[in-house]
Amino acid sequence: MLTSKQIKEAAFEAGADLCGIAPISRFDGAPREMNPRFLFPNVKSVIGLAFRIPRGVQRGIEEGTQFYQYPSMAYGGINEIYAPAVLHHVGRVIEDEGYEAFVYRNTGARGIVSDMDGSPGNTLSPEEQIAVGKHAKGKTAHHRSVQFTREAEEGKVPPDLQFHFRLAAVACGLGEIGWSKMLLTPEFGPLQRVAFIFTDAELEYDKMYDGEPLCRKCGACVRECPGGCIPPIQSGMSVRTTIDGKVCEWGDIDMWRCYAFYTHGGRYYNPFVPKEVFDKNEGGKLDVLEKRDAVADEVAVTQVYTTLEEYFPSWVGYNMAKCGGCIRACVSMLEKKGGCMEGRFKQPLRTKKAWKMDR
């Protein structure tokens, strides 16, 4: 008989850092196009796996000396290599017991609606718009939404069915959502990626996290966001949802603006782009980075990309992080007295004032 203990032992043996298991009923009330209940009719359980991000991959950005390790190791390395291997191993254990293992790695945003603004249809990331326009004419690129998706048959939802990874992790008992919309766990704060397995096996389930709040509501993420993408704690600008009675709330983040600053940082946090480019701001194409009141949308952010493309180090599958301000601010605060990362490391992440270029 397959047990939760057996699954967790297999997950930890293969290299997962955290594992939580929830009944699929915890997703009741989720929008149909984001409800994993509709992945297949007999799904009964969801297994959430978390993979720690080494704090050190943020060190280069914290020091302003090396920017590639975070996106390549904390995104690409975990999402593309490490997590899939663990999913495969645990899936084999489940299927050896006669149950199905629907493994679900982090595939990025490929749902029926855009993960940026909820709009359906042809919504591409700026990188893909550049690629389609210059290098891949004739191909159909899908990223922020799937353009031509339709229900395969009556009663089903259109593919690709995407669900909210961070809320799924909350449902599995791994942690809570912080004000910056990051998943926080007691063990690693905001430093993890997650992946999931859906199965028709009925298992023993973990309760959702109910300890001391993991988010300190300190506002450090708000203060240290270079684009002002995260609203102040007391602004009333938040998103609230409920999972099986547990209320989750986070700041209503300007996601397109966040997209622009995460990858380009702006004039004070991007040492790869000459100051003169920002000063010139030809045609106002960098307004999203230069003006707080500039509207950030798909068109505006794509203009930022096309303008700065020649200064942009190669993507190699994952775009370069120039920011990470909210994550580093969160880690720094959670390492202070009373935070869930207190005493985790012999030395704190931040030993001096965060850098900002003088230009």
Side-chain angles (χ1 to χ4, degrees), residues 57-72 74-75 116-117 125-130 179-182 190 219-232 235 237 251-316 318-333 349-359:
V57 299
Q58 287 274 353
R59 175 56 61 189
I61 303 175
E62 177 68 16
E63 303 296 334
T65 56
Q66 218 289 341
F67 287 74
Y68 186 65
Q69 297 311 312
Y70 178 68
S72 64
Y75 271 95
M116 302 297 282
D117 54 24
S125 69
E127 303 103 301
E128 286 174 323
Q129 293 198 31
I130 293 170
W179 184 253
S180 66
K181 201 180 177 181
M182 297 296 296
C221 58
V222 178
R223 295 189 296 272
E224 296 198 30
C225 174
C229 308
I230 308 172
S235 66
M237 300 172 61
D252 189 6
I253 297 170
D254 187 334
M255 292 306 299
W256 277 114
R257 185 178 298 277
C258 178
Y259 199 125
F261 274 90
Y262 168 74
T263 50
H264 290 288
R267 86 164 47 225
Y268 302 108
Y269 300 95
N270 189 335
F272 299 94
V273 177
K275 174 181 180 293
E276 295 72 29
V277 175
F278 291 107
D279 290 342
K280 188 174 182 180
N281 188 14
E282 187 171 357
K285 292 182 178 179
L286 299 181
D287 280 356
V288 169
L289 299 180
E290 290 286 280
K291 300 178 180 180
R292 285 291 178 96
D293 60 350
V295 175
D297 56 20
E298 183 183 357
V299 173
V301 175
T302 300
Q303 287 181 337
V304 171
Y305 269 72
T306 54
T307 302
L308 300 184
E309 182 188 14
E310 62 180 293
Y311 308 102
F312 201 62
S314 61
W315 296 314
V316 196
Y318 280 79
N319 46 34
M320 288 280 287
K322 305 295 192 309
C323 177
C326 62
I327 299 176
R328 290 184 289 120
C330 184
V331 169
S332 181
M333 290 302 296
L349 171 70
R350 183 158 293 170
T351 57
K352 57 186 180 298
K353 187 177 180 179
W355 61 271
K356 178 179 179 180
M357 298 180 73
D358 182 17
R359 59 179 189 178

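In this text the structure is predicted, and so the values were computed from the model without any measurement.
Rounding to the nearest 0.5 Å places CZ of R223 at 6.5 Å from CE of M333. D254 contributes atom CG, which lies 10.5 Å from atom CD1 of I230 (distance to the nearest 0.5 angstrom). Distance CD/E276 to CZ/R359: 8.5 Å, rounded to 0.5 Å. For the atom pair OG of S180 and CD of E224, the computed distance is 11.5 Å after rounding to the nearest 0.5 Å. Once rounded to the nearest 0.5 Å, the distance linking SG of C323 with CZ of F67 reads 10.0 Å. Interatomic distance, C229 SG to I253 CD1, rounded to the nearest 0.5 Å: 8.0 Å.
For the pair S332 and R350, the tightest heavy-atom approach, listed with the atom from each and the gap, is OG-CB, 3.7 Å. The heavy-atom pair separating D279 from R267 by the smallest distance is OD1-NH1, 2.8 Å. Heavy-atom minimum distance, P231 versus M237: CG-O, 3.3 Å. Y305 and T263 get closest at one heavy-atom pair: OH-OG1, 2.7 Å. Across all non-hydrogen atoms, the minimal contact from W256 to A296 is CB-O, 3.7 Å. Contact detail for C221 and C326: the closest heavy-atom pair is CB-CB, 3.9 Å.
Each of V299, V304, T306 was evaluated against T302; a single residue qualifies, T306, per the side chain to side chain contact (heavy atoms under 4.5 Å, CB included) test.
Proximity of L289 to L308: side-chain heavy atoms (C-beta onward) are separated by under 4.5 Å at one or more points. Counting heavy atoms from C-beta on, the side chains of K356 and Y269 come closer than 4.5 Å. Considering only heavy atoms from C-beta on, F278 stays 4.5 Å or farther from Y268 through its side chain.
Applying the side chain to side chain donor-acceptor pair (under 3.5 Å) rule to E63 yields the partners R59, K352; only residues at least two apart in sequence or on another chain are considered. For the side chain to side chain donor-acceptor pair (under 3.5 Å) test, no residue two or more places apart in sequence or in another chain qualifies with D297. Residues that satisfy the side-chain contact (heavy atoms from CB on, under 4.5 Å) test with Q58, not counting sequence neighbours, are I61, Y70, I327, R328.
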ring-ring contact (aromatic ring centres under 6.0 Å, His included) evaluation trace for F272 with H264: CA-CA 9 Å; F272 299 94; H264 290 288; over 10 Å; no

